[in-house]
Amino acid sequence: MKLYNYWRSSSSYRVRLALHHKQLPFEYVPVSLIKGEQHQPAHRSRSASGTVPVLEDVVDGKVLLLTQSVAIFEYLEERFPARPLLPKGAVQRSQVRALAELINSGIQPLQNLAVLNYVKDTLKADQAAWAKHWIGLGLAALEQQATQTAGQFLVGDEFSWADCCLVPQLFAARRFGADPSSCPTLLAVEARCLTLDAVKNAAPEAQPDAQP
Ligand SMILES: N[C@@H](CCC(=O)N[C@@H](CS)C(=O)NCC(=O)O)C(=O)O
């Protein structure tokens, strides 16, 4: 498999976490969001929305281009069920999906590069204040929900794809100046995740295109 991604993209980081947790080898292909490579024809042919991550896999001799990190989680879970990232029970599975969506559709789109550029360049508004506001609201909701579901990890005691969304989201929160210190449940889960080898290997600063 090949992963088209960018070191500090939170959606890319999610998929790296899933691949490392499942111990699936992949080729790392950097797409520089800072240089605008996501808009170049080569990448647009992989991703209609001009975003990362894109996971390339070959199935029955055919090249598949998979987009959307949560859909990629689903694909990896079905195709490579060993070292699962979804719990067994229906209730816990729905909790994992709900927490992942809180981040995937409730927070990340509002901090995305294209949105922040529009806020700054077209609306002439304060992009830093925008990002901090929406990330802060999103993390507060996540913290409240996590107090009902967390054990060692965000849902129960197994690392799941909710954690694969949480760790990158907290990384992004700090990058955008949103202080997560009022979210003790999220911070305790993050601290536990950061001790795992898969999480260390997927970290932004450990990637070949990382910048100081
Ligand atoms: N829902 C998508 C979000 C993808 C996305 O927004 N990716 C960002 C980086 S985290 C991106 O490529 N942004 C490029 C841009 O805004 O120009 C997913 O989960 O994969």
Side-chain angles (χ1 to χ4, degrees), residues 1-22 26 28-57 64-78 85-86 96-123 125 127-128 130-132 134-135 138-139 142 154 160-178 199 202-211:
M1 284 188 282
K2 277 188 195 174
L3 183 65
Y4 295 89
N5 75 133
Y6 182 58
W7 68 285
R8 68 175 182 190
S9 138
S10 64
S11 310
S12 300
Y13 189 2
R14 294 175 196 161
V15 175
R16 292 198 301 266
L17 284 164
L19 289 167
H20 281 293
H21 173 82
K22 286 184 171 287
F26 65 96
Y28 188 106
V29 187
V31 176
S32 171
L33 300 189
I34 288 300
K35 294 186 189 152
E37 288 174 359
Q38 71 275 34
H39 302 304
Q40 289 175 5
H43 192 69
R44 283 277 176 179
S45 69
R46 297 177 204 118
S47 160
S49 60
T51 56
V52 288
V54 175
L55 183 69
E56 184 180 306
D57 196 7
L64 285 179
L65 291 167
L66 302 155
T67 57
Q68 296 296 332
S69 58
V70 175
I72 294 172
F73 289 161
E74 298 273 5
Y75 172 80
L76 292 175
E77 204 57 32
E78 287 174 24
L85 278 165
L86 262 188
V96 165
R97 290 187 165 104
L99 288 161
E101 278 316 311
L102 246 177
I103 297 169
N104 180 49
S105 48
I107 308 178
Q108 186 276 333
L110 294 157
Q111 78 198 13
N112 186 31
L113 180 63
V115 171
L116 293 183
N117 284 344
Y118 183 79
V119 168
K120 180 171 65 119
D121 300 335
T122 306
L123 302 181
Q127 76 173 178
W130 165 283
K132 269 172 81 166
W134 291 113
I135 295 170
L139 290 183
L142 197 62
L154 210 45
S160 75
W161 81 47
D163 302 295
C164 293
C165 291
L166 174 71
V167 173
Q169 185 53 57
L170 288 174
F171 168 81
R174 295 188 185 96
R175 202 182 133 213
F176 292 117
V199 179
E205 62 277 10
Q207 306 315 309
D209 55 339
Q211 300 292 316

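Small disclaimer: the values here were computed from a predicted structure and weren't measured. Order of appearance sets the numbers: ligands from 1, and atoms from 1 within every ligand.
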For Lys132 and Ala178, the nearest pair of non-hydrogen atoms, with its separation, is CG-N, 3.9 Å
If you measure from CG on Asn5 to OG on Ser69, what distance do you get to the nearest 0.5 Å? 11.5 Å
Please check if the side chain of His43 supplies one atom and the backbone of Thr51 the other of a donor-acceptor pair under 3.5 Å. yes
Any donor-acceptor pair under 3.5 Å from Glu56 side chain to Leu3 backbone: no
For His39, the atoms of ligand 1 under 4.0 Å from one of its heavy atoms are 17 (O)
Between Trp161 and Glu74, is there a donor-acceptor pair closer than 3.5 Å when you use the side chain of the first and the backbone of the second? no
Indicate yes or no: does an N/O atom of Ser12 lie under 3.5 Å from an N/O atom of ligand 1? no
Would one find an N or O of Ser9, backbone or side chain, under 3.5 Å from an N or O of ligand 1? no
Hey, is ligand 1 close enough to Arg14 that some N/O pair sits below 3.5 Å? yes
Examine Gly50 against ligand 1 and note whether any of their N/O atoms are separated by less than 3.5 Å. no
Taking 4.0 Å as the limit for heavy-atom contacts, which would you say applies to Asn104 with ligand 1: side chain only, backbone only, both, or neither? side chain
Nearest non-hydrogen protein atom to atom 20 (O) of ligand 1, with distance, is Ser69 N, 2.9 Å
Under a 3.5 Å distance rule, please check whether Arg16 uses its side chain to pair with a backbone N or O of Trp7 as donor and acceptor. yes
Do any nitrogen or oxygen atoms of Gln68 come within less than 3.5 Å of a nitrogen or oxygen of ligand 1? yes
Without swapping roles, check the side chain of Gln207 against the backbone of Tyr6 for a donor-acceptor pair under 3.5 Å. no
Based purely on interatomic distance, does Pro53 place a nitrogen or oxygen under 3.5 Å from a nitrogen or oxygen of ligand 1? no
